[in-house]
Amino acid sequence: LLPPPPHHRLLLLLLLLQFHSLILLVLILRFHSFYLLPSSSSSSSSFLLPVSSFFFFHSPMADPLAASDRGFHVYMAKIAEQAERYEEMVDHMEHVTKSAGSAEEPSLEERNLLSVAFKNVIGARRASWRIVSSIEQKEESKGNEEHVLLIKQYRAKVETELSKICDKILSLLESHLVPSAASAESKVFFLKMKGDYHRYLAEFKTGAERKDAAENTLLAYKSAMVCW
């Protein structure tokens, strides 16, 4: 076969360039349409994922240390809130709190995100505990010891989860959030939160642990009232 004439080769090259340009345009449009998140009923509105986040998620050579950025974790906490993945939201806000240290007061947005994250995580376990406890009482009234034993073990599992969540937020409040609170409003907010989570512990603890949790609840609430 004879090679195509020069003007045919030029036309073929132009068509090839146009095809590549079209592919690039389609990729750009797909990128913007995919990363424009829809609005939801949560406190976070619609927003566009930055290009740096695109490379973090999609580049095979992405540096895991890029996730240490405070703004990154705030942003991911908002996404987790919209997706109702509150355990992940807690993880991101815990990182934000620790990265800020005890000298830097969290912003209003960070404070609210932290509160929403822990409120939803603890709320689900508290509801589970109440349901399981109610079933346990019914089985006890029936005298079904075998079922009662199984339910007690299950309740203990839920209580362990409750304890871990409360201990985590109380540790953050004690070491970072309360010391960093510069304004009276922030200090009252965090001291009330401290009282709330001690109260949640007092709901299921027994004996001396329950007494300590109740006393810590009262102490935190009184401190908040003094600051106010």
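Looking at M76 and H95, their side chains never come closer than 4.5 Å, going by heavy atoms from C-beta outward. Taking 4.5 Å as the limit, some side-chain heavy atom of L113 sits within range of a side-chain heavy atom of E109. Contact annotation: the side chain of E94 never approaches that of H73 to less than 4.5 Å [non-hydrogen atoms, C-beta and beyond]. A 4.5 Å side-chain heavy-atom check between S115 and F189 finds at least one atom pair inside the cut-off. The shortest distance between side-chain heavy atoms of K152 and E140 falls below 4.5 Å. Between L191 and C227, some side-chain heavy-atom pair lies under the 4.5 Å cut-off. Looking at I165 and K168, their side chains never come closer than 4.5 Å, going by heavy atoms from C-beta outward. With contacts defined as side-chain heavy-atom distances shorter than 4.5 Å, the pair E110/R70 qualifies.
Taking every heavy atom of both residues into account, V188 and A224 meet most closely at CG2-O, 3.5 Å. Smallest separation of non-hydrogen atoms from S180 and E104: CB-O, 3.5 Å. When all heavy atoms are compared, the tightest approach of A202 to A214 is CB-N, 4.1 Å. When all heavy atoms are compared, the tightest approach of P106 to R111 is CB-N, 4.5 Å. What you find for S163 and K205 is that their closest heavy atoms are OG-NZ, 3.1 Å.
The structure places CD1 of I79 at 10.5 Å from CD of E88, a figure rounded to the nearest 0.5 Å. To the nearest 0.5 Å, atoms OG (S171) and NE2 (H176) are separated by 8.0 Å. Distance check: I169 CD1 to H198 NE2 gives 11.0 Å after rounding to the nearest 0.5 Å.
Under the 3.5 Å distance criterion, the side-chain polar atoms of T97 are matched with a main-chain donor or acceptor of M93.
With no hydrogens or angles considered, no side-chain donor-acceptor pair links S175 and K98 at under 3.5 Å.
Hydrophobic clustering (ILVMFWY, side-chain heavy atoms < 4.5 Å, transitive): L201 and Y221 are in distinct clusters. Note: the hydrophobic cluster containing M225 does not contain L219 (ILVMFWY, side chain heavy atoms under 4.5 Å, direct or indirect links). Residues L114 and L108 fall into different hydrophobic clusters, defined by Ile, Leu, Val, Met, Phe, Trp and Tyr side chains chained together at heavy-atom separations under 4.5 Å. No continuous path of hydrophobic side-chain contacts links W129 to V148 [ILVMFWY only; heavy atoms under 4.5 Å].
Residues Y200 and Y197 place their aromatic rings such that the two centres sit under 6.0 Å apart.
Note: F72 and H92 have perpendicular aromatic rings, judged against thresholds of 30 and 60 degrees for the angle between ring planes.
Taking 4.0 Å as the cut-off between side-chain N and carboxylate O, K194 and E174 count as a salt-bridged pair. For the pair D196 and R199, the salt-bridge criterion is met [side-chain N within less than 4.0 Å of a carboxylate O]. Salt-bridge formation is not detected for the pair E203/R125: no Lys NZ or Arg NE/NH1/NH2 atom is positioned less than 4.0 Å from an Asp or Glu carboxylate oxygen.
For residues 206-219, there are no side chain to side chain donor-acceptor pair (under 3.5 Å) pairs, not counting sequence neighbours.
R130 is linked by a side-chain hydrogen bond (donor to acceptor under 3.5 Å, both in side chains) to nothing, counting only residues two or more places apart in sequence or in another chain. Partners of F190 under the ring-ring contact (aromatic ring centres under 6.0 Å, His included) rule, at least two apart in sequence or in another chain, do not exist in this structure. F118 meets the ring-ring contact (aromatic ring centres under 6.0 Å, His included) test with no other residue; sequence neighbours excluded. Residues that satisfy the side-chain contact (heavy atoms from CB on, under 4.5 Å) test with N120, not counting sequence neighbours, are Y86, V116. Residues satisfying the salt bridge (charged side-chain N to carboxylate O under 4.0 Å, His left out) criterion with R155, sequence neighbours excluded, are E136, E159.
Around CZ of R85, the count of heavy atoms belonging to other residues, nucleotides or ligands within 6.0 Å does not exceed 12. Dense packing is recorded around CD of Q153, with more than 12 heavy atoms of other residues, nucleotides or ligands lying under 6.0 Å away.
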